Amino acid sequence: MNSKEKAILDRISIFEDAIAKGREFLETGKHADWHGFRPMFVQKGWGLPPHKDWIKNVFLPRREKALSEAHKTLERLTLVGENRRTNRLQRTGR
């Protein structure tokens, strides 16, 4: 496994963890103070939990789309790695 594949697998595990925390927040309210739910620009001292509609309509769909893209990228990367020689031979016409 090369470093690119490892980086993508790490990113996939991060996305899966974030999706799990988002779903758990919707079900039980846990992880309300998780740093992934914090807004980027906020005044110091604000400790409000995220709104459940934001988690359901914005946070989860964006993470699921990013997870899907990461899976597609990993699939393309491993496909190119396995078929590198055959792809090169097909391009040169041999």
Side-chain angles (χ1 to χ4, degrees):
M1 177 183 313
N2 63 18
S3 61
K4 291 180 184 179
E5 291 175 5
K6 185 178 181 319
I8 294 173
L9 289 173
D10 290 343
R11 184 174 291 175
I12 287 172
S13 67
I14 290 170
F15 287 143
E16 289 173 345
D17 183 49
I19 290 170
K21 286 183 181 181
R23 288 189 178 144
E24 191 172 354
F25 175 76
L26 288 176
E27 293 171 4
T28 64
K30 287 176 107 177
H31 308 295
D33 57 344
W34 180 56
H35 69 88
F37 294 149
R38 275 188 296 191
M40 190 175 268
F41 302 106
V42 66
Q43 295 176 354
K44 285 189 173 181
W46 280 27
L48 297 174
H51 198 277
K52 290 192 177 197
D53 287 340
W54 180 81
I55 296 291
K56 183 174 70 174
N57 297 325
V58 178
F59 182 80
L60 286 177
R62 286 183 183 175
R63 295 308 181 278
E64 289 168 351
K65 182 178 179 183
L67 179 64
S68 171
E69 291 294 323
H71 279 296
K72 287 179 187 176
T73 304
L74 182 63
E75 183 179 326
R76 279 187 302 227
L77 185 64
T78 55
L79 180 67
V80 168
E82 291 173 356
N83 297 327
R84 184 174 297 152
R85 180 170 167 68
T86 57
N87 288 340
R88 194 172 345 124
L89 292 176
Q90 288 173 354
R91 281 185 274 149
T92 59
R94 294 183 185 173

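As the structure is a computational prediction, the values presented were derived from the model and not from experiment.
Criterion: ILVMFWY side-chain heavy atoms under 4.5 Å apart, direct or through other members. Under it, Ile19 and Leu26 are part of a common hydrophobic cluster.
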If you look only at distance, which donor and acceptor atoms sit under 3.5 Å apart when one is on a side chain in residues 53-72 and the other is two or more places apart or in another chain?
{"unit_1": "Asn57", "atom_1": "ND2", "unit_2": "Asp53", "atom_2": "O", "d": "3.3"}
{"unit_1": "Glu64", "atom_1": "OE2", "unit_2": "Arg23", "atom_2": "NH2", "d": "2.6"}

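For residues 12-32, every residue pair satisfying the ring pair (Phe, Tyr, Trp, His ring centres under 6.0 Å) rule, not counting sequence neighbours, is listed here: Phe25-Phe37.
With rounding to the nearest 0.5 angstrom, the CG atom of Leu9 is 9.5 Å from the CG atom of Leu77. From Ile12, atom CD1 reaches atom OG1 of Thr73 across 8.5 Å, with rounding to the nearest 0.5 Å.
Scored by the side chain to side chain donor-acceptor pair (under 3.5 Å) test, Asp10 finds Lys6 as partners (sequence neighbours excluded).
Of all heavy-atom pairs spanning Pro49 and Ala32, the tightest one is CB-CB, 3.9 Å.
No more than 12 heavy atoms of other residues, nucleotides or ligands lie within 6.0 Å of NZ in Lys4, so this atom counts as exposed by the packing criterion.
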